[in-house]
Each structure stands twice: as structure tokens, then as C-alpha cells.
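See structure below.
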Amino acid sequence: MIRTSALSVRLGERDVVDAVDLQVRAGEWLAIIGPNGAGKSTLLKAVMGLVTHRGEVAVDSRPAAGLKPRERARLLAYAPQAPALPPDMTVFDYALLGRTPYIPYLGRESGHDREVTASVIERLDLTALAMRRVGELSGGERQRVVLARALAQQAPVLLLDEPTTALDLGHQQQVLELVDRLRRADGLTVVTTLHDLTVAGLYADSLLLLAEGRAVASGRPGQVLTEELVGRHFDAHVKIEPGPDGRPVVHLVRGRS
């Protein structure tokens, strides 16, 4: 569903993303992991076409460079980590912006557009906040509203940049479970950046480890989340054990004083 070849992004004097190849099949969940500054968010932006890049990006076997903005928006929905939210817009109206690719130029949203938006808001436990102004929300509530806009877009590919940032533990689980249910029910392809390695290994089908802009490991969670790879690229002392379902659980090991 998504393929990149030698994808690179240069900012200033260095390649923030350096010749990254990736492939995500339809219906799969890929989590991009790596230390701060590894290029995770920039890689998502390059796939979305938000930053100038070298190399190739293909979506559903179509070169992304040839897609018109509305065509791209019907294929890819993107939720940034720290979006600029209009403070006076209501939660419902902001989520309704996800329907923009389906609304005719100079036209208005349809009843179906509003029904889709209302359904997404309900699934994200935002119904009580639907008429609240976005500027009145907490950080965690705003994060869910950003996800609501992306889901309302009903694109077959979701690109989510740290979708659980600022969420408490319960809402983290609710958001991740919702994304996973939608993926399974609707055949969505999901690409996320995640900083919590255990969470990434728990939900994703495969992982891509970035370090200094380069892909240094990829594969199933158990292949990427190893003590050697995590220790080397995160400069951390960890112990990794299989959880109840066999997926890797990453534990920090406290250093000696």
C-alpha cells in the first residue's frame, strides 16, 4: 500500500532522512521508532508530501508525485503531533474538516459527512465535547480531536505522528485499540511514530528503527526490539522479555549509583 525508495529529506546542511526504503502492505500496521531527532516525524511528512524530498513514494502502486492534493487526501490521512488548532472552532467543526476532500469546491458538507463525523466523535469519546471550542480543551482532549479529523477523512491509509502524546494511560489504550479495530474492520493501513517501544511492539505488525535518519533495522517486533539494538541506538540499558502474548516488553534497567 505504501512504498518508498531511497527517500531522503535534507534540512540545512544534513539529510534528516537518508535513503530510507520501506514497504507496508495493505491492512498492516508499521510503527516507526527511534531516538529523538532520528527523523521519524520528517519521514511521515515526506510520505504525506508535506516536505521536499528526493527518492520515490508510491501509494496503492501510484506514484505520489503525480497525485493531485484531493486525490492524495482521499488516500492518506495525516495526524501531526503538534498541529495548529483554531481555538474558536468547535470540536465537531474541526473534525468535520476531515471531510474536505469529499466536499465539492464552493459546496457544503452533506448529511453523510456530518454522520461520519458524529460517528468518529462518538467512537473517540468526544460527544460531550462536540460543541466545545478547541481552545478550551486539555492537551489530551486536543490530541483526540486531531485523530478524529484524520479518521473522518476515511482514507485507506492513516499516518499518525505520536498519536498518544499527552494522553493518560486509559485514553492511550482507547485510541490504540480504536485504531486497531478500524484497521482490522476496514482493512486500513496504519503508519505511526511511537516513542513507547513496548506499545509499538504490542500493536504494530512490523517496526522500522531509524537512527540519524537512516533505517538501521526493520522486521517483526521481536526482530527489532532486541537488547543489543535498543541499547546501541537509544543509549539505554534495557532488559527485553516476552510478554503474555509473546511480544517483546522493554524494561529499563537502573544503573548502579
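Remember, predicted model here, so these are calculated numbers, not experimental data.
Checked against side-chain contact (heavy atoms from CB on, under 4.5 Å), Asp113 has the following partners two or more places apart in sequence or in another chain: Leu96, Arg99, Tyr102, Ile103, Glu109, Ser110. Residues satisfying the ring-ring contact (aromatic ring centres under 6.0 Å, His included) test with Phe92, not counting sequence neighbours, are none.
Minimum interatomic distance between Val146 and Ala79 (heavy atoms only, all atoms of both residues): CG1-CB, 3.8 Å. When every heavy atom of Ala31 is checked against every heavy atom of Leu194, the shortest pair comes out as CB-CD1, 4.2 Å. The minimum heavy-atom distance between Val175 and Arg144, with the atom names listed, is CG2-CG, 4.0 Å. Taking every heavy atom of both residues into account, Leu43 and Val17 meet most closely at N-CG2, 3.8 Å.
Residues Leu75 and Val51 share a single hydrophobic cluster, defined by chaining ILVMFWY side chains whose heavy atoms lie under 4.5 Å apart. Cluster membership for Leu159 and Leu182, using ILVMFWY side-chain heavy atoms within less than 4.5 angstrom, is not shared. Cluster annotation: Leu44 and Leu210 are assigned to the same hydrophobic cluster (Ile/Leu/Val/Met/Phe/Trp/Tyr, side-chain heavy-atom contacts under 4.5 Å, transitive). Hydrophobic cluster membership differs between Val190 and Val57, with clusters built from Ile, Leu, Val, Met, Phe, Trp and Tyr side chains linked at under 4.5 angstrom.
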Would you give me the side-chain donor-acceptor pairs under 3.5 Å for residues 118-135, sequence neighbours excluded?
residue	atom	partner	partner atom	Å
Arg132	NE	Glu136	OE1	3.2
Arg132	NH2	Glu136	O	3.3
Arg133	NH1	Asp88	O	3.2

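To the nearest 0.5 Å, the span separating OG1 on Thr42 from NZ on Lys40 amounts to 9.5 Å. One distance of note links CD of Gln143 with CG of Leu137; it measures 12.0 Å at 0.5 Å rounding.
Within the 4.5 Å cutoff, side-chain heavy atoms of Glu56 are placed close to those of Arg3. Here the side chains of Pro163 and Thr192 are in contact, with some heavy-atom distance below 4.5 Å. Residues Leu202 and Asp196 fail the side-chain proximity criterion, which asks for heavy atoms closer than 4.5 Å. The closest side-chain heavy-atom distance from Arg183 to Asp205 is below 4.5 Å. Side-chain atoms of Met1 and Glu28, non-hydrogen and from C-beta on, never get closer than 4.5 Å to each other. Put simply, the side chain of Arg142 does not reach to within 4.5 Å of the side chain of Tyr94, judged on heavy atoms. Contact of the Val116 side chain with the His112 side chain is registered, since non-hydrogen atoms from C-beta on lie closer than 4.5 Å.
For the pair Arg72 and Tyr78, the NZ or CZ position fails the cation-pi test of under 6.0 Å to the six-membered ring centre and within 45 degrees of the ring normal.
Counting only distance, with no hydrogens or angles, the side chain of Arg247 and the backbone of Ala204 share a donor-acceptor pair below 3.5 Å. In terms of modelled atom types and a separation under 3.5 Å, the side chain of Lys45 and the main chain of Thr52 share no donor-acceptor contact. The main-chain N or O of Pro101 is found under 3.5 Å from a side-chain atom of Arg74 such that the two form a donor-acceptor pair. When atom types are taken as modelled, the side chain of Thr4 and the backbone of Leu22 share a donor-acceptor pair closer than 3.5 angstrom.
Listed by chain and number, the hydrophobic cluster partners of Val238 are Ile33, Leu197, Leu207, Leu209, Val216, Val224, Leu225, Leu229, Val230, Phe234, Ile240, Val250, Leu252, where partners are ILVMFWY side chains within reach of under 4.5 Å, directly or through others.
Among pairs with a residue in residues 218-229, those fulfilling side-chain hydrogen bond (donor to acceptor under 3.5 Å, both in side chains) read Glu228-Arg232, at least two apart in sequence or across chains. Residues in residues 159-168 take part in these side-chain hydrogen bond (donor to acceptor under 3.5 Å, both in side chains) pairs, two or more places apart or across chains: Ser41-Asp161, Asp161-Thr193, Glu162-His195, Asp168-His171.
When the shell of 6.0 Å around CG of Asn36 is examined, it contains 12 or fewer heavy atoms from other residues, nucleotides or ligands. Enclosure of atom CZ in Arg25 is not indicated, since only 12 or fewer non-hydrogen atoms of other residues, nucleotides or ligands lie within 6.0 angstrom.
Each of Leu176, Leu158, Val24, Leu188 was scored for a side-chain contact (heavy atoms from CB on, under 4.5 Å) with Trp29, with one residue passing: Leu176. Residue Val20 forms a side-chain contact (heavy atoms from CB on, under 4.5 Å) with just one option from Ile32, Leu208, Val47, and that option is Leu208.
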